[in-house]
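A quick write-up on the structure given underneath.
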Amino acid sequence: MCGITGWVSFDRDLTQQRAALDAMTATMACRGPDAEGAWLDRHAALGHRRLAVIDIEGGTQPMVVHTDDGAVTITYSGEVYNFTELKSELLRRGHQFRTRSDTEVVLHGYLEWGEAVAERLNGMYAFAVWDARVDKLVMIRDRLGVKPLYFAGTDDGVLFGSEPKAILANSLADRAVDLDGLRELVSFTQTPGAAVWCGMREVVPGGVVTVDRGGLREHRYWTLPTRAHTDDQQTTVANVRSLLEDIVGRQLVSDVPRCTLLSGGLDSSVITALAAAKLGKPGEHGEPGEKVRSFAVDFVGREDDFVADELRSTSDAPYAREVAAHVGSLHEPIVLNHAAIADPAVRRAVITARDSPLSLGDMDASLYLLFQAIREHSTVALSGESADEVFGGYRWFHQPEAQAADTFPWMAVFVSGARAQVSDRFNADITAALDLPTYIRDRYADAVAEVERADGESDFEMRMRVMCHLHLTRFVRMLLERKDRISMAVGLEVRVPFCDHRLVEYVYNTPWSMKTFDGREKSLLRAATADLLPQSVLNRTKAPYPATLDPLYTGALLQQCKELLTTDDPVFDLVDRGWLEEITRRDSGAMPIDVRNGMERVLDLSTWLDIYRPELRLH
């Protein structure tokens with residue numbers, strides 16, 4: 001895992017632009033705390049920050065292969081989990097290797113297969129190859145979009161980076177946000193290819209972008225496929241289990257300490273149980289197995305003071321302890337207090353990491369603090385993220401009103417609260433200019449148009465296919481981006497086994513009736529792993545990532561908003577000052593959760609404006 005960046009210019013001599021490249025690379029020091037690298041040629045400059053995970057000594061970057069026709073250079077971020085098999089195939093084809101790294105395998109894979117190497121990769125990755133043989137840049141991103149990659153065209157080439165901040169560090173970048181950028185920030189649509197900043201785009205998941213003297217071109221090597229599912233229920237359950245065992249086994253490969261994130265929910269418990277079973281086995285030469293480490297986030301007093309609500313019927317901590325005892329993991333809860341979560345420095349770190357004023361408030365702050373604590377012990381963590389999108393775990397998957405809604409399903413459930421927050425946060429002029437209902441309606445129509453119906457599929461099964469497609473191409477991307485940015489801000493690599501494209505494709509094409517064969521959510525996952533977990537966890541209902549309910553946290557937000565109101569902060573060019581003034585006159589002890597969230601968003605927006613100082617083109 002790393003941070004990559006670069007600059008291609010066909011009218012400049014980039015060997016004279018080392019300072020500019022270094023400035024771009026330095027923005028991602030957190031993504032790669034172990035090493036820094038740069039490679040400059042006349043028309044291409046590549047930068048790299050390394051988080052060393054595989055082949056600590058040999059995997060330095062950018063990495064170059066010199067051919068008779070010119071150098072081929074890669075700057076690479078991520079992990080390819082089938083690199084051992086690919087290396088064996090490349091060795092048979094005559095390639096020679098100097099390192100044990102997956103980076104070198106990907107580079108030689110490009111030499112052998114060109115852009116088509118992407119179709120052979122299993123993993124999470126984003127990389128750029130400068131091919132001096134033909135003066136061409138090739139940028140490739142993994143199928144699900146686990147690893148980020150952005151680019152911005154220039155008059156004579158392109159800038160690119162793992163994060164927008166790397167591109168913005170170059171003087172050629174446009175540090176502006178227009179109405180479409182702001183719409184994308186607050187609409188929860190996650191349009192593929194869209195980026196907040198003017199002139200900037202992301203390489204779409206499963207996408208390839210090439211840049212040469214003829215211009216910039218984009219195409220996709222992968223989209224979510226529709227296929228016939230012919231396996232019966234028993235075979236399907238067995239295949240899910242087999243896939244999960246293979247995936248977790250591959251994703252445990254690391255030359256640095258690894259762990260799991262264990263909340264006590266079904267998804268994280270499955271990953272922890274599979275990891276514990278794999279690591280606990282004796283080695284090939286009889287060396288003893290090891291115990292997996294697991295970590296969870298919790299809050300001071302939460303277990304004793306827990307009160308069930310619509311989203312969370314049970315506290316996580318008892319279940320996490322039970323799973324840890326059941327599978328034998330070395331478990332450690334990371335317990336946070338309200339002051340740490342409300343700390344403006346933590347908010348600033350989160351907003352800097354995300355390059356965006358859109359955060360999940362206390363849930364992002366606690367995730368940052370959790371990852372920061374884990375990083376003291378481990379460099380790699382396996383997460384249960386994305387199981388709900390793959391297996392249909394969210395409650396709205398099972399609600400008739402959400403199934404029938406002519407909009408994104410998550411909006412059908414939360415639409416009233418989301419609209420109140422938007423209209424309350426922005427002033428009337430901005431709200432009118434945004435016209436979010438139209439933007440959301442158009443983005444929804446675009447998303448639905450991507451879905452291919454299976455032969456003979458009923459109307460209901462097709463509707464559920466659409467819902468699954470929306471989650472796997474839009475909703476999951478919001479969560480993956482959040483996890484990548486916040487984890488990499490502290491130099492922690494988080495792997496997501498449920499995003500393996502083989503599992504995603506297989507389950508996506510399994511009929512909804514089979515995904516819910518026992519009348520519950522995530523039937524296939526529960527059945528495939530029933531022998532691994534305590535019955536209490538198998539029967540537990542879905543609980544989202546925890547939020548703090550401490551009124552002291554709300555009080556801290558209220559005080560920060562009061563202090564903000566004493567200033568001429570540019571946030572009030574967007575936000576209705578009168579709304580915030582009215583909010584700060586309320587009693588924090590009786591503050592509704594949507595109002596608390598609104599205060600968080602105002603503070604986020606103020607922080608983002610202070611860090612990035614964008615030019616706002618909103619009229």
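- In summary, Glu481 and Arg477 do not engage in a salt bridge, as defined by a charged side-chain N under 4.0 Å from a carboxylate O.
- Partners of Arg143 under the salt bridge (Lys or Arg N to Asp or Glu O under 4.0 Å) rule, at least two apart in sequence or in another chain, do not exist in this structure.
- Side-chain contact, His398 with Thr516: no donor N or O sits under 3.5 Å from an acceptor N or O.
- Residues Gly47 and Leu21 share a closest heavy-atom pair of N-CD1, 3.7 Å.
- Remark: side-chain polar atoms of Ser523 are paired, donor with acceptor, to backbone N or O of Lys515 under 3.5 angstrom.
- With hydrogens and angles ignored, the 3.5 Å screen pairs a side-chain donor or acceptor of Asn509 with a backbone N or O of Pro225.
- Looking only at side-chain heavy atoms (C-beta outward), Asp102 and Tyr81 stay at 4.5 Å or farther from each other.
- A 4.5 Å side-chain heavy-atom check between Thr5 and Thr75 finds every atom pair outside the cut-off.
- Taking each heavy atom of Ser263 and Gly265 in turn, the nearest pair found is OG-N, 3.1 Å.
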Could you go step by step and tell me if Ile56 and Asp34 meet the side-chain contact (heavy atoms from CB on, under 4.5 Å) rule?
CA-CA 9 Å; Ile56 308 302; Asp34 296 328; over 6 Å; no
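- Minimum interatomic distance between Ile167 and Ala152 (heavy atoms only, all atoms of both residues): CG2-CB, 4.0 Å.
- With hydrogens and angles disregarded, a donor-acceptor distance shorter than 3.5 Å links the side chain of Glu184 to the backbone of Gln190.
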Test log, rule ring pair (Phe, Tyr, Trp, His ring centres under 6.0 Å), inputs Phe188 and Trp410:
CA-CA 9 Å; Phe188 296 97; Trp410 49 94; 9.1 Å; no
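- Qualifying side chain to side chain donor-acceptor pair (under 3.5 Å) partners for Asn122, counting only residues two or more places apart in sequence or in other chains: Asp500.
- Summarising the geometry, atom CG belonging to Leu492 is positioned 10.0 Å from atom NZ belonging to Lys483; distances are rounded to the nearest 0.5 Å.
- Residues satisfying the side chain to side chain contact (heavy atoms under 4.5 Å, CB included) criterion with Asp246, sequence neighbours excluded, are Arg250, Arg502.
- Ring geometry, Phe127 versus Tyr125: the interplanar angle falls from 30° to 60°, so the pair is classed tilted.
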When you look at Val208 and Val138, which way does the side-chain contact (heavy atoms from CB on, under 4.5 Å) test go after all the steps?
CA-CA 7 Å; Val208 179; Val138 178; 4.1 Å; yes
Can Phe391 and Leu503 be said to form a side-chain contact (heavy atoms from CB on, under 4.5 Å), step by step?
CA-CA 10 Å; Phe391 290 97; Leu503 179 68; 4.3 Å; yes
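- Ring geometry for Trp608 against Tyr612 counts as tilted: the plane angle lies between 30° and 60°, on a 0 to 90° scale.
- The CG atom of Leu367 sits 12.0 Å away from the CD1 atom of Ile334 when rounded to the nearest 0.5 Å.
- For the pair Arg443 and Tyr439, the cation-pi criterion (under 6.0 Å, within 45° of the ring axis) is fulfilled.
- The two residues Leu168 and Met200 have their closest heavy-atom pair at CD2-CE, 4.0 Å.
- Checking side-chain atoms of Ser356 against main-chain N and O of Leu358 turns up a donor-acceptor pair under 3.5 Å.
- Figure legend: cation-pi geometry between Arg540 and Tyr319, with NZ or CZ positioned under 6.0 Å from the six-membered ring centre and within 45° of its axis.
- Here the closest heavy-atom approach between residue Pro257 and residue His377 is recorded as CB-O, 3.5 Å.
- Between the OG1 atom in Thr191 and the CG atom in Asp446 there is a gap of 7.5 Å [rounded to 0.5 Å].
- Gly109 and Leu90 get closest at one heavy-atom pair: N-CD1, 3.8 Å.
- Judged by a 6.0 Å distance limit and a 45° cone about the ring axis, Arg201 is not positioned over the six-membered ring of Phe151.
- With values rounded to the nearest 0.5 angstrom, Leu382 atom CG is found 8.0 Å from Cys259 atom SG.
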Taking it one step at a time, do Trp222 and Leu144 satisfy side-chain contact (heavy atoms from CB on, under 4.5 Å)?
CA-CA 9 Å; Trp222 183 87; Leu144 271 293; 4.0 Å; yes
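- A distance of 9.0 Å separates CG of Asp55 from OG1 of Thr103, quoted to the nearest 0.5 Å.
- Figure legend: cation-pi geometry between Arg482 and Tyr545, with NZ or CZ positioned under 6.0 Å from the six-membered ring centre and within 45° of its axis.
- In this structure, the side chains of Leu216 and Val158 come closer than 4.5 Å at one or more pairs of heavy atoms.
- By the salt bridge (Lys or Arg N to Asp or Glu O under 4.0 Å) test, Arg375 is found to be paired with no residue, residues two or more places apart in sequence or in another chain being considered.
- Ring-plane geometry between Phe397 and Trp512 is classed as parallel, the angle between the planes falling under 30 degrees on a 0 to 90 degree scale with a further cut at 60.
- Contact check on Glu104 versus Lys87 returns no salt bridge, with no Lys/Arg side-chain nitrogen under 4.0 Å from an Asp/Glu carboxylate oxygen.
- Within the 4.5 Å cutoff, the side chain of Val196 has no heavy atoms near those of the Pro164 side chain.
- At least one side-chain heavy atom of Val380 sits under 4.5 Å from a side-chain heavy atom of Val256.
- In this structure a side-chain-to-backbone donor-acceptor pair under 3.5 Å is present from Arg485 to Ala353.
- Partners of Glu163 under the salt bridge (Lys or Arg N to Asp or Glu O under 4.0 Å) rule, at least two apart in sequence or in another chain, are Arg31, Lys165.
- No salt bridge links Arg120 with Glu85; every basic N to acidic carboxylate O contact stays at or beyond 4.0 Å.
- Of the possible polar contacts, one joining the Ser77 side chain to the Cys2 backbone as a donor-acceptor pair under 3.5 Å is found.
- Taking 4.0 Å as the cut-off between side-chain N and carboxylate O, Asp388 and Lys522 count as a salt-bridged pair.
- At a threshold of 4.5 Å between non-hydrogen side-chain atoms, the residues Ile4 and Leu149 count as touching.
- Side-chain contact between Ser101 and Gln61 is absent, with no heavy-atom pair separated by less than 4.5 Å.
- At distances below 3.5 Å, at least one donor-acceptor pair connects side-chain atoms of Glu202 with backbone N or O atoms of Gly193.
- Taking Asp142 as the reference, nothing meets the salt bridge (Lys or Arg N to Asp or Glu O under 4.0 Å) condition, with sequence neighbours excluded.
- Side-chain atoms of His471 do not come within 3.5 Å of backbone N or O of Gly392 as any donor-acceptor pair.
- Distance CZ/Phe475 to CD/Glu389: 6.0 Å, rounded to 0.5 Å.
- Counting only heavy atoms from C-beta outward, the side chains of Gln251 and Lys278 never approach each other to under 4.5 Å.
- Using a distance-only test at 3.5 Å, with no hydrogens or angles considered, a donor-acceptor pair links the side chain of Arg220 to the main chain of Pro205.
- Between the Arg258 side chain and the Ser378 main chain, no donor and acceptor come within less than 3.5 Å of each other.
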Step by step, would you call His331 with Thr272 a side chain to side chain donor-acceptor pair (under 3.5 Å)?
CA-CA 10 Å; His331 187 65; Thr272 301; over 6 Å; no
